[in-house]
Amino acid sequence: MSDRSEEDTVAFSVENRIAWVKFNRPEKRNCMSPKLNRQMKKVLEELEFRDDVGVLVLTGEGEAWTAGMDLKEYFRETEAQGLWAIRKSQRESYGWFERLRWYEKPTIAMINGWCFGGGYGPLFGCDIAIAAEDAQFGLSEINWGILPGGGASKVAQELMPFRKAMYHAMMGENLSGSDAAAQGLVTEAVPADQLHARVQEIAEALLKKDPNALRATKWTMRRVVDMTYDNALEYQIRAQEALNGFGGAAARKEATKQFLDDKTFKPGLGTFDATKVQG
């Protein structure tokens, strides 16, 4: 299927409070076109506040996660229309990358295959990234005379040790999923036949945790990365106070009761029963 409708460029299903969202252009290795970027933003926004969604998983149909931006549709055809079209396409793609970074629910990237160039944007946007050991990661831009743009250079520099990131960007050599995990680009890598089960295991563990605390934690981790220690400490104090307004005080009270009085859980060995929080 070479000419998908806009709505068909992204597929999703919701099962047991896990939203499984797929890049859905397998015939193009799921490269991101303007159509896909617009549809992905719609899907993410539709799922973000649904009561039946607690965790979102982003993966790809077929043999790729995403091979980056569509050279024909995103670049050549857009550039032919002029600067206004270029800016529109950039805002559409970077817009959903940003939405993903600050998503209300925990997000997991399930990298089942190729992840190249522009795909580093949504990779960074997800909170946790699990890759198949034989997945392929690459910044191939240098091989055809441009720099890794669209945030890709920053993602590599942010997630990987500096010398590894520099080599990765300058050499244009691919990393396997195992290499990517060893260098910090993803959280971990597992055999391909165990990928879905591992991601589901993580998603189900997240579903048991307090959703407000998860949201505050993920946003705090992203905010404090470029702060001084003192500024980060102050931010965390204010973030906790804000969390209290979203039910954090009640959650902490219930968790403390379960630990000290009921003795039904130990913080270092599991999660308190968040379903018992009142108010």
Side-chain angles (χ1 to χ4, degrees), residues 1-15 17-127 129 135 138 140-141 146 148-152 155 196 199:
M1 187 172 185
S2 59
D3 188 21
R4 293 176 179 271
S5 67
E6 186 164 313
E7 290 73 19
D8 195 39
T9 58
V10 177
F12 73 91
S13 63
V14 177
E15 303 167 17
R17 300 192 65 232
I18 304 171
W20 300 88
V21 179
K22 288 186 176 182
F23 296 103
N24 194 38
R25 300 183 74 208
E27 70 284 353
K28 298 288 186 180
R29 286 188 174 171
N30 296 324
C31 59
M32 294 176 282
S33 64
K35 286 181 180 179
L36 185 148
N37 290 328
R38 287 191 293 269
Q39 184 62 19
M40 186 65 80
K41 190 168 188 290
K42 291 177 184 177
V43 169
L44 292 178
E45 289 178 343
E46 176 184 337
L47 295 170
E48 190 166 18
F49 290 100
R50 277 179 48 165
D51 292 337
D52 63 337
V53 173
V55 175
L56 184 141
V57 176
L58 181 61
T59 190
E61 184 64 47
E63 65 178 9
W65 198 65
T66 176
M69 294 303 183
D70 187 311
L71 299 185
K72 180 175 180 287
E73 296 183 34
Y74 185 85
F75 289 110
R76 177 181 285 176
E77 294 180 358
T78 298
E79 289 168 359
Q81 298 176 66
L83 183 60
W84 71 268
I86 294 172
R87 290 291 183 259
K88 182 174 184 292
S89 289
Q90 288 172 336
R91 288 165 184 161
E92 288 170 344
S93 59
Y94 303 160
W96 79 261
F97 297 175
E98 180 183 30
R99 182 70 254 121
L100 195 58
R101 286 200 306 276
W102 305 106
Y103 211 61
E104 293 278 340
K105 310 288 176 64
T107 56
I108 305 171
M110 185 170 84
I111 302 102
N112 53 303
W114 298 84
C115 177
F116 273 67
Y120 282 33
L123 172 66
F124 184 58
C126 291
D127 304 319
S140 61
E141 288 86 345
I146 66 170
V155 171
H196 188 280
V199 168

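- Rounded to the nearest 0.5 angstrom, Ser93 OG and Asp70 CG are separated by 12.0 Å.
- To the nearest 0.5 Å, the span separating CE on Met69 from CG on Leu36 amounts to 9.5 Å.
- From Gln39, atom CD reaches atom CD of Glu7 across 5.5 Å, with rounding to the nearest 0.5 Å.
- Side-chain atoms of Lys88 never come within 3.5 Å of backbone atoms of Thr78 as a donor-acceptor pair (strictly under, hydrogens ignored).
- Counting heavy atoms from C-beta outward, Lys42 and Val10 have side chains that stay 4.5 Å or more apart.
- The OG1 atom of Thr9 sits 9.0 Å away from the CZ atom of Arg38 when rounded to the nearest 0.5 Å.
- Closest non-hydrogen pair, Thr107 versus Cys126, comes out as OG1-CA, 3.3 Å.
- A distance of 4.0 Å separates CZ in Phe97 from CE in Met32, rounded to the nearest 0.5 Å.
- Counting all heavy atoms, side chain and backbone alike, Val14 lies closest to Asp52 at CG1-O, 3.5 Å.
- Contact of the Met40 side chain with the Leu58 side chain is registered, since non-hydrogen atoms from C-beta on lie closer than 4.5 Å.
- In this structure, Tyr120 contributes its side chain and Gly68 its backbone to no donor-acceptor pair below 3.5 Å.
- Remark: Arg29 engages Glu63 in a salt bridge, criterion side-chain N to carboxylate O under 4.0 Å.
- Using a distance-only test at 3.5 Å, with no hydrogens or angles considered, a donor-acceptor pair links the side chain of Tyr103 to the main chain of Leu44.
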Test side chain to side chain contact (heavy atoms under 4.5 Å, CB included) applied to Glu98 and Trp102, step by step: CA-CA 7 Å; Glu98 180 183 30; Trp102 305 106; 4.0 Å; yes
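- A side-chain donor-acceptor contact under 3.5 Å links Asn30 to the backbone of Glu61.
- Below 30°, between 30° and 60°, or above 60°: for Trp65 and Phe23 the angle between ring planes is above 60°, a perpendicular geometry.
- By the 4.5 Å heavy-atom criterion applied to side chains, Glu48 and Arg99 are counted as neighbours.
- Contact record, Leu123 with Ala109: CD1-CB, 4.4 Å, taken as the closest heavy-atom pair.
- Nearest heavy atoms, Cys31 versus Thr66: CA-OG1, 3.8 Å.
- The backbone N or O of Met110 lies less than 3.5 Å from a partner atom in the side chain of Thr59, making a donor-acceptor pair.
- The nearest pair of heavy atoms linking Ser33 to Arg25 is CB-NH1, 3.5 Å.
- Two residues are said to be in side-chain contact when any heavy atoms from C-beta on lie closer than 4.5 Å; Glu92 and Lys41 fail this criterion.
- The shortest non-hydrogen separation linking Ala11 to Asn24 is N-CB, 3.9 Å.
- Judged by distance alone, the side chain of Asn112 and the main-chain N or O of Ala64 form a donor-acceptor pair under 3.5 Å.
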